[in-house]
Amino acid sequence: MRPTPVLLPGNMCDARLWTEAVRATFSGAIDADLTQDDSIQAMAERALAVTDGKLLAVGFSMGAIVAVEMAVQAPERIVGLVLSGYNATADLPERAAHRPAQQSEVRAGGLERVLVEELKPNYLAAQNRKDNSLLRLLRDMGMDLGADVFVRQSEALRLRADRRGAIAALHMPVLYLCGEEDTLCPPAWHQIWANLTPKSQFKEISGAGHMLPLEAPTAFAATIENWLTTNEKEFA
């Protein structure tokens, strides 16, 4: 019997991040709410409290950071981790320095500009940067979440802990996924994280950037399904 999957979206993303192809891979999945808290620790606590029992934490970007925090807080409950677009370090100095300025602009009504010009388009593979339906979805998710959520999530990312030591101590199977053209959290980083993690697998997927679950959902889902089948005994 597989554990309950918990889906953890990225910064300024909601449940629309997970396409039908991805959801079909995770029967009975629960969508975590990462909008209420301004720290990674509190987000993880909230996600763990959603249900009892064993969990498979499936995280994208900020959600992957929360997934690892869940494994730190409750290692006995997390039987597997799927981490896409992941960064195990604390916030990079240049990003941490820029976040307060973004927060100020967003508080003053500039959320749409920040989303449209600074964030989401830069996260896509070259072939997807003019995909209007994808760009519209990324903009709509962020705008629907709103300025308060942006500020809370920005602070959580700015103040997060370095978890390289934590991933080296993980005892459960971990799948690292990355788009070939991810410039935010590049494949080379994921290979480092995989090398640090005892029971890990790393898969680089072509034709995608950072927004891998939306840019290549079929390949994303198929890779996860294969990994789940391979590790079935680990999840019992």
Within this structure, what is the [atom1]-[atom2] distance for the pair [X] and [Y], rounded to the nearest 0.5 Å?
| X | Y | atom1 | atom2 | result |
| --- | --- | --- | --- | --- |
| Ser200 | Asn195 | OG | CG | 7.0 Å |
| Thr197 | Arg164 | OG1 | CZ | 12.5 Å |
| Met211 | Asn128 | CE | CG | 11.0 Å |
| Thr89 | Arg95 | OG1 | CZ | 8.0 Å |
| Asp148 | Asp38 | CG | CG | 11.5 Å |

When clusters are formed by joining ILVMFWY residues with side-chain heavy atoms under 4.5 Å apart, either directly or through shared neighbours, do [X] and [Y] land in the same one?
| X | Y | result |
| --- | --- | --- |
| Met43 | Val151 | no |
| Val106 | Met12 | yes |
| Phe26 | Leu55 | no |
| Leu184 | Ile65 | no |
| Trp189 | Leu212 | no |

Measure the shortest side-chain to side-chain distance between [X] and [Y] over non-hydrogen atoms and say whether it is less than 4.5 angstrom.
| X | Y | result |
| --- | --- | --- |
| Ile78 | Gln73 | no |
| Met62 | Cys13 | no |
| Asn11 | Leu157 | yes |
| Gln102 | Arg158 | no |
| Leu175 | Asn231 | no |
| Thr19 | Leu214 | yes |
| His190 | Glu204 | no |
| Leu115 | Met143 | yes |

Between [X] and [Y], is there a donor-acceptor pair closer than 3.5 Å when you use the side chain of the first and the backbone of the second?
| X | Y | answer |
| --- | --- | --- |
| Gln153 | Leu34 | yes |
| Arg160 | Ile40 | no |
| Trp193 | Ile167 | no |
| Arg129 | Leu124 | yes |

Give the minimum heavy-atom separation between [X] and [Y], together with the two atoms involved.
| X | Y | answer |
| --- | --- | --- |
| Gly85 | Cys185 | O-SG, 3.5 Å |
| Ala67 | Leu8 | CB-CD1, 3.9 Å |
| Thr25 | Ala221 | OG1-CB, 3.6 Å |
| Leu228 | Leu56 | CD2-CD2, 3.6 Å |
| Tyr86 | Tyr176 | CD2-CE2, 3.9 Å |
| Pro187 | Phe202 | O-CZ, 3.7 Å |

**Request:** Using a strict 4.0 Å threshold on nitrogen-to-oxygen distance, state whether Glu20 and Arg23 make a salt bridge.
**Result:** no
**Item:** Ion pair Asp140/Arg16, N-O distance below 4.0 Å
**Value:** no
**Message:** Could you go through Asn226 and Lys203, starting from their C-alpha distance and side-chain angles, then the distance that decides it, and tell me whether this counts as side chain to side chain contact (heavy atoms under 4.5 Å, CB included)?
**Reply:** CA-CA 11 Å; Asn226 289 338; Lys203 176 68 173 180; over 6 Å; no
**Request:** Can you spot which of Val58, Ile224, Leu83, Asp182 makes a side chain to side chain contact (heavy atoms under 4.5 Å, CB included) with Leu177?
**Result:** Ile224
**Complete:** The side chain to side chain contact (heavy atoms under 4.5 Å, CB included) partner of Glu234 among Lys199, Met172, His171 is Lys199
**Request:** For a side chain to side chain donor-acceptor pair (under 3.5 Å) with Gln103, tell me which candidate from Glu155, Arg152, His98 qualifies.
**Result:**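 Considering Glu155, Arg152, His98, a side chain to side chain donor-acceptor pair (under 3.5 Å) with Gln103 is found only for Glu155.
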**Asked** Please, which pairs that meet ring-ring contact (aromatic ring centres under 6.0 Å, His included) have at least one residue in residues 39-74, sequence neighbours excluded?
**Response** Phe60-His210
**Asked** Can you pull the ring-ring contact (aromatic ring centres under 6.0 Å, His included) pairs that have at least one residue in residues 33-57, sequence neighbours excluded?
**Response**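 For residues 33-57: none.
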**Donor on one side chain, acceptor on other, Gln127 and Glu215, under 3.5 Å** =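 No donor-acceptor contact under 3.5 Å links the two side chains.
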**Request:** Consider only side-chain N and O atoms of Tyr123 and Ser61, and report whether a donor and an acceptor are under 3.5 Å apart.
**Result:** no
**Request:** Just grab all the side chain to side chain donor-acceptor pair (under 3.5 Å) pairs involving residues 39-54, residues at least two apart or on different chains.
**Result:** Asp37-Arg46
**Item:** Derivation and outcome, side chain to side chain contact (heavy atoms under 4.5 Å, CB included), residues Val50 and Asp33
**Value:** CA-CA 9 Å; Val50 168; Asp33 182 1; over 6 Å; no
